[in-house]
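Data first, discussion second: the structure below is written as structure tokens.
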Amino acid sequence: MSESRAWDDVDDYFITHLSPNDEPLEAALRDSDAAELPQANVTANQGKFLQLLAQIQGARRILEIGTLGGYSTIWLARALPADGRLISLEYSARHAEVAGRNIARAGLDALVDVRVGPALESLPKLTDENPEPFDLVFIDADKANNPHYVEWAVRLTRAGGVIIVDNVVRGGRVADADSTEPDVQGTRAAIELIAAHPRLTGTAIQTVGSKGYDGFALARVLN
């Protein structure tokens, strides 16, 4: 059996037993594919992992940077209480339109606010609203801007809050200090920012699965 086939089989086993997609989640994937959105959604077991983190955190307010078709948004929003709120920032109006339909079909549109535009423009506007601090931030957007997203997340997250940065391994390229690729440079800058920031403590985990060789960084905001 090939290595990648083994990863697929293990993911299938875990998803079948621990995090199966229900109809709203399956429909979100179908509609995203039909709209020809990039096939860059988290997997079902990763979505369940995000949901569990939000529940463990007791999250009432969640910020997501990178909505795509709303698949991860649905997983995260399902962790919220009835008075919770999730703000998701999406660059593409087309992606946001698909996500909005998927989120509404899942019955979560009252909890979710999808905002369209470059996140580095939306984040200052959000700050100007003086929002209640977020309990959890999930960053899964353009990797070149990861350090900027982490900086904004620290500003907007309460002490004790959690920041998750997705796709940090870059197929192993993150270890290449000489890489000139923007996604690698941005990811390395984010990791080094987490390491040096006086208000953050964090780690990063390598993962394998149906999406290949990947990983995530997890940071906690200190006082």
In this structure, are over 12 heavy atoms from other groups packed under 6.0 Å from [X] atom [atom1]?
X: Gln39; atom1: CD; result: no
X: Tyr91; atom1: OH; result: no
X: Glu23; atom1: CD; result: yes

> Which is it for Arg173 and Asp183 under the salt bridge (Lys or Arg N to Asp or Glu O under 4.0 Å) test, yes or no, and what are the steps along the way?
Replying inline: CA-CA 9 Å; Arg173 291 180 296 123; Asp183 64 324; 2.6 Å; yes
Under 4.0 Å between a side-chain nitrogen and a carboxylate oxygen: does that hold for [X] and [Y]?
X: Arg101; Y: Glu97; result: yes
X: Arg188; Y: Glu192; result: yes
X: Arg85; Y: Glu129; result: no
X: Glu132; Y: Arg60; result: yes

> So Leu63 and Leu89, side chain to side chain contact (heavy atoms under 4.5 Å, CB included) or not? Walk me through it.
Replying inline: CA-CA 8 Å; Leu63 174 63; Leu89 309 180; 4.2 Å; yes
>> Show every ring-ring contact (aromatic ring centres under 6.0 Å, His included) that has at least one partner inside residues 129-182, sequence neighbours left out.
In response: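 Pairs touching residues 129-182 that pass the test: none.
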> Passes side chain to side chain contact (heavy atoms under 4.5 Å, CB included), Ile191 versus Val165? Steps please.
Replying inline: CA-CA 9 Å; Ile191 294 297; Val165 186; over 6 Å; no
> Between Ile65 and Asn145, is any pair of side-chain heavy atoms under 4.5 Å apart?
Replying inline: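 A side-chain contact is absent here, since even the closest heavy-atom pair is not under 4.5 Å.
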> Does the side chain to side chain contact (heavy atoms under 4.5 Å, CB included) test come out yes or no for Ile74 and Leu25, once each step is laid out?
Replying inline: CA-CA 7 Å; Ile74 293 170; Leu25 288 165; 3.6 Å; yes
> Atom CG in Asp214, atom CD in Gln206: separation rounded to 0.5 Å?
Replying inline: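 Reported to 0.5 Å precision, the distance equals 10.0 Å.
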